[in-house]
Amino acid sequence: MGGERQRMKVMLETLQQDVITKRLQVDDPSLRWMLKKGTNLKEFCRDSSVQVTVGSDVDTQVQITGKAAEVNQVLARVKAYIQENRKVTKMLDLPAGSSRFVRGRLKRIRSDSEAWLYVPKDLENQLCIQGNQRQVDYAEELLQQVIFVEYASISLHICSKLVGEVVGKNGATIKSIKADREVDIQFGEATEKAWTTTQIVGSREDCRAACSEILEKLKCYEVVSLQINSSQAGLIIGKNGSTIKTLKAGLETREDTQRNPWIVSGPKGDVNELVRRIQIQFSVAVLGGLGTFRIRCPGCAEDFPDFKLLLKHVDQRACAARSCVGRCGAYYPDEGSCLKHQAWCPFVRRCPGCDAGFASEAELTKHVTAKACKARACRGCRVIFTDIPAAELHEQSCDKYAERMRDVEVQRQIQLLKETLCPACRMGDQKGSSCANCKAILRRAQLKWHPDKNPADEIVATIVFRSVQAVWNGSPQWHTADDGAESACPTTGAKEAEKHKQKTGDEASFGSRTAECTVQ
Ligand SMILES: [Zn+2]
Ligand SMILES: [Zn+2]
Ligand SMILES: [Zn+2]
Ligand SMILES: [Zn+2]
Ligand SMILES: [Zn+2]
């Protein structure tokens, strides 16, 4: 009895020695609350007799008690859970002017990512994302797509004299341009400047459509400067403006007569007509059209008469601005923004090896073929892989690759065989079966390539075998494809055969060739 008790005591002691407690500090109360959930506790302690308690006291936040080995295992599970579910906050900068557009898409991103997104107070161009790491990462990804693919902004310089025409009476024109489009159009300060900076922002498609509608409209207008000195000015204007009133009869033009030169603006036809009428009566020099709009480079604020010239300027890398390599027409004030766009742009072909972007599949193929990075294409189907091992792994199961390798092998074997034949037999000028030397060679080849003798390489053997048969029968064509109808290279093959025939046209030379063959 005493021995039994002693044994129990020892067992209990070893058990107690083995039992340990580990504590984990989890300061986030909501995370502690999640840890405490029954299903989570059960999951942490699965396959073990470990006890996990979650308290609110600083010292007893998370306690794991049990056998040392099991405790460590459970601790790792709890830590992994915390890592995955720890709340993360990320601030993201929004491109100037995009805030409204982005806010319109927050609901969708929220429901897709399950992260919490909001625009912080007084920080119009920032966005706050909250959630666990996975949710925040996903929300950020969705946001990047919104900012760099869905959203666009175009900056125009509109001739200040014509801003009124774009806005229209009581804003009617601008309203109709914006109607049914997700765009916002902002005009810069109305100053004395010749140009008014205009921002068109919104969805990429609508932005472009609104912009081209504005530009189309402006193309109907003209702005002309006239060299008019002060003595002439008085005459043209007349008493209380009576002369100019007569000149303008029936025309919808506007004249800035405050200084020399005058600026005349309005519908194209009307402006030209007024200038014509003035020039009939007065000798006035037309200094030229001023242009009605310019497109601003976001990188350097220089402006251009059309998008083509702007993109040319950007492509020359004259300033920090960059355009999309996918040639989708998007351009950005800096390389960083452009790269982010390219990461999502559907027009960009990406190299899996180095992540570089290309305008087309052909350019990407050229890059991979030149072995510019570690990416490699399958030698059969041409699909591109990150590196040589990945491509080779794919080739093992690629039908196209197997087919191509088979063709290469067939070509090689036939070439080897051809080289052992005399020129006449090679060209099919005589049957291989009528020339002693070639007869022996072809006999051996027939035996070697008989499909029954090559069960492992039956297809290659069959094609080579058929070629041997064809030469035996005096066919000028060497069969390569498994349909047996095509020669290795039909055109050059035929040409060679022709040349050969011309050279060996007479009986004598033919005979000498036969002799040559038997000597061989
Ligand atoms: Zn620029
Ligand atoms: Zn693009
Ligand atoms: Zn690459
Ligand atoms: Zn392949
Ligand atoms: Zn021969």
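Values in this document were obtained by computation on a predicted structure and should not be read as measured data. Index from 1, following the sequence. Indexing begins at 1, ligand by ligand and atom by atom, following the structure's order.
The pair Lys400-Glu403 does not count as a salt bridge, with every side-chain nitrogen at least 4.0 angstrom from each carboxylate oxygen. Comment: Lys217 does not engage Glu165 in a salt bridge, judged by the lack of any side-chain N to carboxylate O separation of less than 4.0 angstrom. A salt bridge is absent between Asp387 and Arg376: the closest approach of a Lys/Arg side-chain nitrogen to an acidic carboxylate oxygen does not fall below 4.0 angstrom. In this structure, Arg349 does not pair ionically with Glu363, as no charged nitrogen and carboxylate oxygen lie closer than 4.0 Å. One finds a salt bridge joining Arg105 and Glu182 here, because a Lys/Arg side-chain nitrogen approaches an Asp/Glu carboxylate oxygen to under 4.0 Å.
Note on the Zn ion (ligand 3): protein N/O/S atoms under 2.8 Å are Cys351 SG, Cys354 SG, His367 NE2, Cys373 SG. Counting only distances under 2.8 Å, and ignoring water, the protein N, O or S atoms around the Zn ion (ligand 1) are Cys297 SG, Cys300 SG, His313 NE2, Cys319 SG.
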Evaluation steps, ring-ring contact (aromatic ring centres under 6.0 Å, His included), between His394 and Phe385: CA-CA 9 Å; His394 156 85; Phe385 294 87; 4.6 Å; yes
Show me the donor-acceptor pairs, under 3.5 Å and distance only, between side chains in residues 366-375 and residues at least two apart or in other chains.
from, atom 1, to, atom 2, distance (Å)
Thr369, OG1, Thr365, O, 2.5
Lys374, NZ, Gly353, O, 3.4

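When the ring pair (Phe, Tyr, Trp, His ring centres under 6.0 Å) test is applied to Tyr138, no partner is found at least two apart in sequence or on another chain.
By the 6.0 Å and 45° rule, Arg443 stacks over the aromatic ring of Trp472.
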